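Each residue takes its place number in the sequence, starting with 1. Since the structure is predicted, the reported quantities are computational estimates derived from the model, not experimental observations.
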Amino acid sequence: MSSELLDTRKVWDNALVDIELSVSRANFSTWFKGTHIIKIEEGTVYIGVPSQFYKDWLADKHHKTILRALRGVLPDVRAIEYVIAREDRTKPVKERKERVMPAAELPLSEHYVNRSDNLNPRYTFDSFVVGPFNEVAYAAATAVVNEPGITYNPLFIYGTTGCGKTHLIQSVGNQLKKGNSQCKMYYTTSERFGGDIITALQQNTIQNVKERYRTYDVLMLDDVQFLSGKDKLQEELFHIFNTLYENNKQILFSSDRHPSHITDLADRLKSRFAQGMIVDVSMPDHESRIAILKTKAANHNFHLTDDLAITIANEVEGNIRDLEGVLNRVMCETQIKGRQLDVADIRQIVKNNLRPQKNVSVKELVERVARYYDIEDAAIYEKTRKKEVVRPRQIIMYIMREDFNISYPTIGQKLGGRDHTTVIHSCDKVRSEVEVIPSLRREIEEIRSMLK
């Protein structure tokens, strides 16, 4: 028994080395401290965790990372179970006992992604918070559920990172699956789709892979922007798309930008995307941020007071992932400290939890904005008044001022020696228009997401 426990400790220590490289330092110190392997039995690793809160969080957020790390040490690992059990390190190894709480546990199917379709069971319409920032996309998604393959086919949802696009397209899949267990569906990212195609080409099995994709009743493809410049992948997707579309099979796409703004994307694919419905999700407004926080807290059986929810919503103006990251830290520190946190605690958590924006040079900013609007970088610096150049240049000035607090004279100097009064006029113009032109606001949000 002692040698078995000693081996499990070595296995876990080795796995933790890999896990530490895969997650942030804050996540590692928060969620993996106090974990250990209880036993390894018939390919299943039983991991002891300090509480139900840790158990739910590791199962939901870090399961794939843990499984991959364990398989790197023990290739035969098939599954993981998380058990509430504290390890007493004050005792010699040979005297340690398994301490497992006989708490009722949810079936594994309610925790984990289904390998056959890659759908996360937690991504449902019931857990999706609807607000002004996503209500059109939500309405389109629910319409697809009512008439799959007919209404809004394909459905293309775009928006900045972390605003719920994946949640929404998977909600469609889970709802259709719930209504018809025989419905064959598949969710994947464009990166994984590319991996499938490339591997098949190398192994001369491309026909088999194409046939597999063509059998799905519902295909959900995430992060379409990954296909930029990848001509062979675009070609294969084009043919798969045509087969599914002609047979009234539902197709859903997501991207961090409108398809017309994805560089090096074939016109025939852009045309196919435009056949259905293209809709955006933007950053959540203040009221929606509060609703999201309250909903996610309730899902974890955590009481978040109105004052704290409002404080977090005021302090975190970013995307849903930013909100969730701060809320997770709040729940964790509440448990650790054993008391209700106050506003000062929340502000400190926000300060420590949100990553500062990456330093971006003027050259990089110009390059990315120019690429976004499909113009030459050099045109930004020229003394031209062409409309297709003036607006991107004004947006660059606005972002330099708003996001990086660069002085007006310096902005003018960096962008071709322009007078600071021109810069002030440009920034004021964008600042006023962004409040009343939703399309301009979305474009700026997408550009900002590209800079992170």
Has Arg268 got its NZ or CZ under 6.0 Å from the middle of the six-membered ring of Phe238, at an angle within 45 degrees of the ring axis? yes
Spell out, as yes or no, whether a donor-acceptor pair under 3.5 Å connects the side chain of Thr124 to the backbone of Ser171.
no
Practice task
Check step by step if salt bridge (charged side-chain N to carboxylate O under 4.0 Å, His left out) holds for Lys232 and Glu236.
Solution key: CA-CA 6 Å; Lys232 183 59 179 175; Glu236 297 300 344; 3.0 Å; yes
**Prompt:** Within a reach of under 6.0 Å around NZ of Lys177, are more than 12 heavy atoms found that belong to other residues, nucleotides or ligands?
**Reply:** yes
So, does Lys165 use its side chain to make a donor-acceptor pair with the main chain of Gly159 at under 3.5 Å?
yes
Heavy-atom nearest pair, Leu293 first then Leu327, reads O-CD2, 3.8 Å
Beyond-backbone contact of Arg78 with Thr44, side-chain heavy atoms, under 4.5 angstrom:
yes
Exactly one candidate in Asp222, Asn118, Asp117 meets side-chain hydrogen bond (donor to acceptor under 3.5 Å, both in side chains) with Tyr187; the answer is Asp222
Would you mind reporting whether Ile197 and Leu237 have side-chain heavy atoms less than 4.5 Å apart?
no
So CG of Asp345 and OG1 of Thr334: to nearest 0.5 Å the spacing works out to 8.0 Å
Tightest non-hydrogen contact, residues Arg418 and Thr384, listed as NH2-N, 4.5 Å
Practice item. Using the six-membered ring wherever Trp is involved, compare the ring planes of Phe128 and Tyr138 and label them parallel, tilted or perpendicular (cut-offs 30° and 60°). Key: parallel
One should read off an interatomic distance between Leu176 CG and Cys183 SG, to the nearest 0.5 angstrom, of 5.5 Å
Do Asp223 and Glu191 come within less than 4.5 Å of each other through their side chains, counting heavy atoms only?
-> no
Tested for salt bridge (Lys or Arg N to Asp or Glu O under 4.0 Å) against Asp60, the lone hit among Lys55, Arg122, Lys296 is Arg122
Note: Ser127 and Asn299 closest approach over all heavy atoms is CB-ND2, 4.4 Å
Test item: Arg257 side-chain N/O and Ile262 main-chain N/O as donor-acceptor pair under 3.5 Å: no
ask   = Around Lys383, counting heavy atoms of other residues, nucleotides and ligands shown, do more than 12 lie under 6.0 Å from its NZ?
value = yes
Check the surroundings of atom CG in Asn204: do more than 12 heavy atoms from other residues, nucleotides or ligands lie under 6.0 Å from it? no
### Message
Does atom CD (Glu235) have a neighbourhood of more than 12 heavy atoms from anything else shown, all under 6.0 Å?
### Response
yes
Rounded to the nearest 0.5 angstrom, the OH-CG distance for Tyr186 and Leu119 is 10.5 Å
OG1 of Thr311 to CG of Asn314, rounded to nearest 0.5 Å, is 6.5 Å
Correct closest heavy-atom pair for Gly131 and Asn134 would be N-OD1, 2.8 Å
Is Lys294 salt-bridged to Asp306, going by a charged N under 4.0 Å from an acidic O?
yes
query: So do Arg272 and Tyr245 actually touch side chain to side chain, heavy atoms under 4.5 Å?
result: no
Nearest heavy-atom contact between Asp256 and Gln225 is N-OE1, 3.1 Å
> Is there side-chain contact between Leu67 and Val77, with at least one heavy-atom pair below 4.5 Å?
Replying inline: yes
d(Leu323 CG, Ile312 CD1) to nearest 0.5 Å is 8.0 Å
Less than 6.0 angstrom separating the ring centers of Phe253 and Tyr158, yes or no? no
From CA spacing to verdict: salt bridge (charged side-chain N to carboxylate O under 4.0 Å, His left out), Arg321, Glu324 = CA-CA 5 Å; Arg321 288 179 189 163; Glu324 190 171 26; over 6 Å; no
Query raised in the report: So, does Asp374 use its side chain to make a donor-acceptor pair with the main chain of Thr263 at under 3.5 Å?
Result: no
Under a 4.0 Å threshold between the charged nitrogen and the carboxylate oxygen, would Glu367 count as salt-bridged to Arg371? no
Backbone N or O of Met185 within a donor-acceptor pair of the Asp217 side chain at under 3.5 Å? no
- Quick check: does any side chain N or O of Thr65 sit under 3.5 Å from a backbone N or O of Ile19, one acting as donor and the other as acceptor? no
Checklist line | Met283 vs Phe133 side-chain heavy atoms within contact, under 4.5 Å | finding: no
Taking C-beta and beyond as the side chain, do Phe241 and Leu219 meet within less than 4.5 Å on heavy atoms?
no
Q.
Apply side-chain contact (heavy atoms from CB on, under 4.5 Å) to residues Ile444 and Val430 and explain how you reach the verdict.
A. CA-CA 10 Å; Ile444 293 175; Val430 176; 3.8 Å; yes
Requested in this report: Evaluate side-chain contact (heavy atoms from CB on, under 4.5 Å) for Ser255 paired with Phe273, printing each intermediate quantity in order.
Outcome: CA-CA 11 Å; Ser255 172; Phe273 296 152; over 6 Å; no
Any donor and acceptor pair, going by atom type alone, linking the side chain of Ser432 with main-chain N or O of Lys429 inside 3.5 Å?
yes
Requested in this report: Verify the distance criterion only: is there a donor paired with an acceptor across the side chains of Asp285 and Ser288 at less than 3.5 Å?
Outcome: yes
Task: Other residues, nucleotides, ligands: >12 heavy atoms within 6.0 Å of Gln275 CD - done: yes
**OP:** Please step through side-chain contact (heavy atoms from CB on, under 4.5 Å) for the pair Phe193 and Phe226, ending with a clear verdict.
**Re:** CA-CA 10 Å; Phe193 170 79; Phe226 173 81; over 6 Å; no
- Derivation and outcome, salt bridge (charged side-chain N to carboxylate O under 4.0 Å, His left out), residues Glu443 and Arg391: CA-CA 11 Å; Glu443 288 175 15; Arg391 176 44 63 90; over 6 Å; no
Taken to the nearest 0.5 Å, the spacing of Asp126 CG from Gln175 CD works out to 7.5 Å
| Any chance OH of Tyr398 has more than 12 other-residue heavy atoms, nucleotides or ligands included, within less than 6.0 Å? | yes
message: Taking the side chain as everything from C-beta on, heavy atoms only, tell me whether Val224 gets closer than 4.5 Å to Pro259.
response: no
Heavy-atom closest pair (Val350 atom, Val316 atom, distance to 0.1 Å) is CG2-CG2, 3.9 Å
- Message: Taking Tyr152's backbone N and O only, do any of them form a donor-acceptor pair with Gln250's side chain (distance below 3.5 Å, no angle check)?
- Response: yes
### Query
Stepwise, does the side-chain contact (heavy atoms from CB on, under 4.5 Å) test hold for Ile396 with Met400?
CA-CA 6 Å; Ile396 290 171; Met400 289 173 71; 3.7 Å; yes
- Donor-acceptor contact below 3.5 Å, side chain Trp12 vs main chain Ile47: no
Ignoring hydrogens and geometry beyond distance, is a side-chain donor-acceptor pair present between Asp307 and Thr305 at under 3.5 Å? no
Problem - Exceeds 12 heavy-atom contacts within 6.0 angstrom, atom CG of Asn180 - result: yes
> Is there a donor-acceptor pair closer than 3.5 Å between any side-chain N or O of Arg214 and the backbone N or O of Ile240?
Replying inline: no
